[in-house]
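Encoded as structure tokens, the structure appears first; notes follow it.
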Amino acid sequence: MQVISSECDDVAIVTGAGSGIGRAVAEALAASGTAVALVDLPGDGLDAVAGHLRRDGARVTTVAAGVTDEGAIEDAVTATEAAFGPLTLAVNAAGIADAAPAESLELERFTRLFDVNVTGVFVSCRAEALAMLRHGSGSIVNVASISGIVAPILFLLSSSASYCTATDIVVDGGYTAL
Ligand SMILES: NC(=O)c1ccc[n+]([C@@H]2O[C@H](COP(=O)([O-])OP(=O)(O)OC[C@H]3O[C@@H](n4cnc5c(N)ncnc54)[C@H](O)[C@@H]3O)[C@@H](O)[C@H]2O)c1
């Protein structure tokens, strides 16, 4: 990765930045010169991404936190603004997948997926939006899935009952509330 601009004033938070879509988004933002706070569960992934971006000259910080921990996410926003300035962009890509048909899905697994994929998006959006509202602007992108659009068909038929349902809430809720 090469940082292509040092003129960018944007400040971003990316959840799920230790892997997959979140990592790719964080890398693209960092390359554009955006200062990026990388949020993910504690582990090697987060440090590896941060190390790689810093070596390339990007402005990044890391927050090892779960998105269901509202205090930790609020602290992450505060720390990001203290380090880089007003938050202008947030990409909520933290999420888990769990494939199981409804009839054999234990409540614990259903609840866990909801905690991360729905409650985690709400907790993140609320903390990010409060900061953006304080200074009058900002954009939030929530990463969901095509499964949220086809969920009414797939819910009982597919092998991903909890995933389809949670994603549907983020997709539909994203238009109206989140
Ligand atoms: N990869 C795909 O093809 C695809 C397609 C559609 C939707 N999605 C959705 O996009 C999101 C990201 O997918 P991905 O492929 O990048 O997955 P991934 O597993 O590669 O990355 C998800 C990241 O979220 C982090 N994470 C998980 N639980 C967390 C928590 N409680 N708090 C903070 N971070 C947490 C993980 O540590 C991981 O780094 C998921 O919700 C996934 O369902 C993925």
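For ligands, and for the atoms within them, numbers begin at 1 and follow the listed sequence. Sequential numbering from 1 along the given sequence is applied to the chain's residues. Keep in mind that this is a model prediction, so the values were computed, not measured. Keep in mind that the numbers below use all heavy atoms, side chains included, and drop hydrogens, waters and symmetry copies.
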- Query: Any N/O of Val67 closer than 3.5 Å to an N/O of ligand 1?
  - Reply: yes

- Could you tell me which atoms of ligand 1, counted from 1 in the order shown, lie closer than 4.0 angstrom to a heavy atom of Val143? 10 (O)

- Query: If you measure from CZ on Arg59 to CG on Leu53, what distance do you get to the nearest 0.5 Å?
  - Reply: 12.5 Å

- Query: So, do Val121 and Val67 sit near enough that their side-chain heavy atoms are less than 4.5 Å apart?
  - Reply: no

- Message: For Val143, run the side-chain contact (heavy atoms from CB on, under 4.5 Å) check against Val91, Asn92, Val25, Thr15 and tell me which one passes.
- Response: Val91

- among protein heavy atoms, the one nearest atom 22 (C) of ligand 1 is Gly95 O, 3.7 Å

- Item | Residue and atom name of the nearest protein heavy atom (relative to atom 26 (N) of ligand 1), distance in Å to one decimal | Asp40 OD1, 3.9 Å

- Item | Ala65 neighbourhood, listing ligand 1 atoms whose heavy-atom distance to it stays under 4.0 Å | 32 (N), 33 (C)

- Note on the structure: Taken to the nearest 0.5 Å, the spacing of Thr68 OG1 from Asn117 CG works out to 11.0 Å

- Task: Below 4.0 angstrom from a heavy atom of Gly20, which ligand 1 atoms are there? Numbered from 1 as shown, please.
- Result: 16 (O), 20 (O)

- Task: Just jot down the ligand 1 atoms closer than 4.0 angstrom to any heavy atom of Ala93, in number order.
- Result: 11 (C), 12 (C)

- Message: side chain to side chain contact (heavy atoms under 4.5 Å, CB included), that's the test. Do Thr34 and Thr88 meet it? Break it down for me.
- Response: CA-CA 10 Å; Thr34 299; Thr88 60; 5.8 Å; no

- Task: Consider every N or O of Ile21 and every N or O of ligand 1, then say whether any pair is closer than 3.5 Å.
- Result: yes

- Among non-hydrogen protein atoms, atom 42 (C) of ligand 1 lies closest to Tyr163 OH, 3.5 Å

- Message: In this structure, does ligand 1 have an atom that sits under 4.0 Å from one of the heavy atoms of Gly43?
- Response: no

- Query: Among Val49, Asp40, Val36, whose side-chain contact (heavy atoms from CB on, under 4.5 Å) with Val14 holds?
  - Reply: Val36

- Nitrogen or oxygen of Thr68 less than 3.5 angstrom from that of ligand 1: no

- Would you mind checking which non-hydrogen protein atom is closest to atom 7 (C) of ligand 1, with the distance to 0.1 Å? Ala144 O, 2.8 Å

- Query: Do Glu27 and Arg23 sit within salt-bridge range, that is, some charged N less than 4.0 Å from a carboxylate O?
  - Reply: yes

- Query: Taking distance alone, with no angle check, do Ser19 and ligand 1 share an N/O pair under 3.5 Å?
  - Reply: yes

- Atoms in ligand 1 with a heavy atom of Val116 nearer than 4.0 Å: 28 (N), 31 (N)

- Item | Exercise check, heavy-atom protein proximity under 4.0 Å to atom 37 (O) of ligand 1 | yes

- Protein non-hydrogen atom below 4.0 angstrom of atom 3 (O) of ligand 1 present: no

